[in-house]
J.: 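Questions regarding the structure given below will be posed in turn.
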Amino acid sequence: MSASPRVLTLCAALISMACGGSKPAGPTADQKAADVAAAAKAKAAEDEVAIAARKAKREAEEQAKAEAEAKLTAEFERLCVLPEKLPKDPVAACEAVGKAHDGFVRRIGDAAAIAAWEGGGSDKALPMTIVRCTQADSVKTAACQKNALDGAGPELKDEVGKLMQLCIDKFAKKGQPPAGMPQRRPG
């Protein structure tokens with residue numbers, strides 16, 4: 001019966017291991033709660049930093065947009081004025097606006113833009129420029145538009161329509177419909 005003492009020793013070892021032995025079982029409930037609270041606090045701090053960064057970026061973008069718009073408005077105000085000498089003939093003045101528009105595109109455009117302009121863009125845009133000028137029925141409007149197109153820089157390449165409209169708003173005859181526009185019938 002020499003196997004019995006060995007079996008008893010083995011059983012005693014297994015029982016002591018199963019009952020917990022001398023090692024702690026792991027973190028207590030209080031430690032787990034403290035770890036969860038610390039992780040939540042760290043996550044909240046990260047979220048606050050991310051929110052602050054997004055807010056700062058958004059405010060910087062809004063500030064840059066406002067500054068660009070203010071610069072653009074100042075440039076419009078500088079350009080949309082009357083020259084010292086006004087033309088006498090409104091038809092010739094509007095033809096000069098068309099030539100100024102052509103000169104503007106050729107002055108500020110790159111090779112591809114000029115090729116597109118010569119390839120048909122001018123055939124559509126220049127008559128509309130002249131028509132808009134003529135419909136304003138004002139020599140002052142034509143002079144303003146020519147002055148604006150002659151002085152505009154490359155930053156205004158997409159703003160030709162707005163330049164034209166600002167001159168119309170400032171100097172077109174008020175109180176009557178533009179020449180060539182259909183009158184509204186009573187009733």
Side-chain angles (χ1 to χ4, degrees), residues 48-187:
E48 285 182 28
V49 168
I51 290 170
R54 286 192 305 266
K55 182 179 179 182
K57 181 181 176 185
R58 183 178 61 247
E59 288 174 351
E61 289 172 354
E62 289 172 357
Q63 178 69 22
K65 184 178 178 181
E67 288 174 2
E69 196 166 307
K71 184 178 177 184
L72 194 63
T73 301
E75 188 67 8
F76 285 145
E77 290 299 318
R78 182 185 73 81
L79 293 171
C80 294
V81 296
L82 293 176
E84 291 180 21
K85 187 175 180 183
L86 293 177
K88 302 288 183 211
D89 182 21
V91 174
C94 286
E95 290 293 329
V97 171
K99 289 177 184 173
H101 188 180
D102 184 57
F104 172 72
V105 172
R106 292 177 189 282
R107 184 176 72 243
I108 61 118
D110 57 358
I114 293 171
W117 181 255
E118 290 173 349
S122 65
D123 295 339
K124 295 174 186 173
L126 290 180
M128 286 306 300
T129 299
I130 295 169
V131 166
R132 284 183 77 187
C133 175
T134 305
Q135 286 179 342
D137 197 27
S138 168
V139 174
K140 289 181 178 181
T141 299
C144 172
Q145 290 174 340
K146 182 180 181 318
N147 187 52
L149 288 169
D150 286 344
E155 68 277 2
L156 299 177
K157 70 179 180 180
D158 297 328
E159 303 292 338
V160 171
K162 191 167 184 178
L163 280 172
M164 304 291 278
Q165 189 61 47
L166 283 171
C167 287
I168 291 170
D169 293 344
K170 280 178 127 178
F171 300 110
K173 293 181 180 178
K174 307 283 189 243
Q176 64 185 24
M181 293 295 289
Q183 300 265 340
R184 181 180 247 194
R185 294 184 183 176

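This structure is a prediction, so every number in the text was calculated from the model and none was measured.
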J.: Could you tell me which non-hydrogen atom of A143 sits nearest to which non-hydrogen atom of L86, and how far apart they are?
T.: CB-CD2, 3.7 Å
J.: Report the C-alpha distance between T129 and V160 in whole Å, list the side-chain angles of each, state the deciding distance to 0.1 Å, and finish with yes or no for side chain to side chain contact (heavy atoms under 4.5 Å, CB included).
T.: CA-CA 9 Å; T129 299; V160 171; 5.6 Å; no
J.: Among residues two or more places apart or on two chains, list those pairs meeting ring pair (Phe, Tyr, Trp, His ring centres under 6.0 Å) that have a residue in residues 90-109.
T.: H101-W117
J.: At their closest point, which heavy atom of A152 faces which heavy atom of L156, and how far apart are they?
T.: CB-CD1, 3.9 Å
J.: Tell me which donor-acceptor pairs under 3.5 Å the side chains of residues 161-170 have, and how far apart each pair is, sequence neighbours excluded?
T.:
from	atom 1	to	atom 2	distance (Å)
Q165	OE1	R132	NH2	2.8
Q165	NE2	D169	OD1	2.8
K170	NZ	C80	O	2.7

J.: What is the minimum heavy-atom distance between A100 and L149, and which atoms define it?
T.: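 Closest approach of A100 to L149, heavy atoms only: CB-CB, 3.9 Å.
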J.: Quick one: OG1 on T73 to NZ on K71, what's the gap to the nearest 0.5 Å?
T.: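 It is 12.5 Å, given to the nearest 0.5 Å.
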J.: List the residues meeting salt bridge (Lys or Arg N to Asp or Glu O under 4.0 Å) with E75, not counting sequence neighbours, and say none if there are none.
T.: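 Salt bridge (Lys or Arg N to Asp or Glu O under 4.0 Å) list for E75, sorted by chain: R78.
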J.: Which residues pass the side chain to side chain donor-acceptor pair (under 3.5 Å) test with Q63, not counting sequence neighbours?
T.: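 Result, side chain to side chain donor-acceptor pair (under 3.5 Å) vs Q63: E67.
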J.: Is there any disulfide (SG to SG under 2.5 Å) pair reaching into residues 82-125, and which pairs are they, with sequence neighbours excluded?
T.: C94-C133
J.: Which pair of heavy atoms, one from E95 and one from I130, lies closest together, and at what distance?
T.: OE1-CD1, 3.9 Å
J.: Over all heavy atoms of both residues, which pair between I114 and R106 is shortest? Give the atoms and the distance, please.
T.: CD1-O, 3.5 Å
J.: Restricting to pairs with a member in residues 145-161, which pass side chain to side chain donor-acceptor pair (under 3.5 Å), not counting sequence neighbours?
T.: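 Residue pairs with at least one partner in residues 145-161: K146-D150.
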J.: Specify the closest pair of heavy atoms between V97 and A142, including all atoms of both residues, with the distance to one decimal.
T.: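 That would be CG2-O, 3.2 Å.
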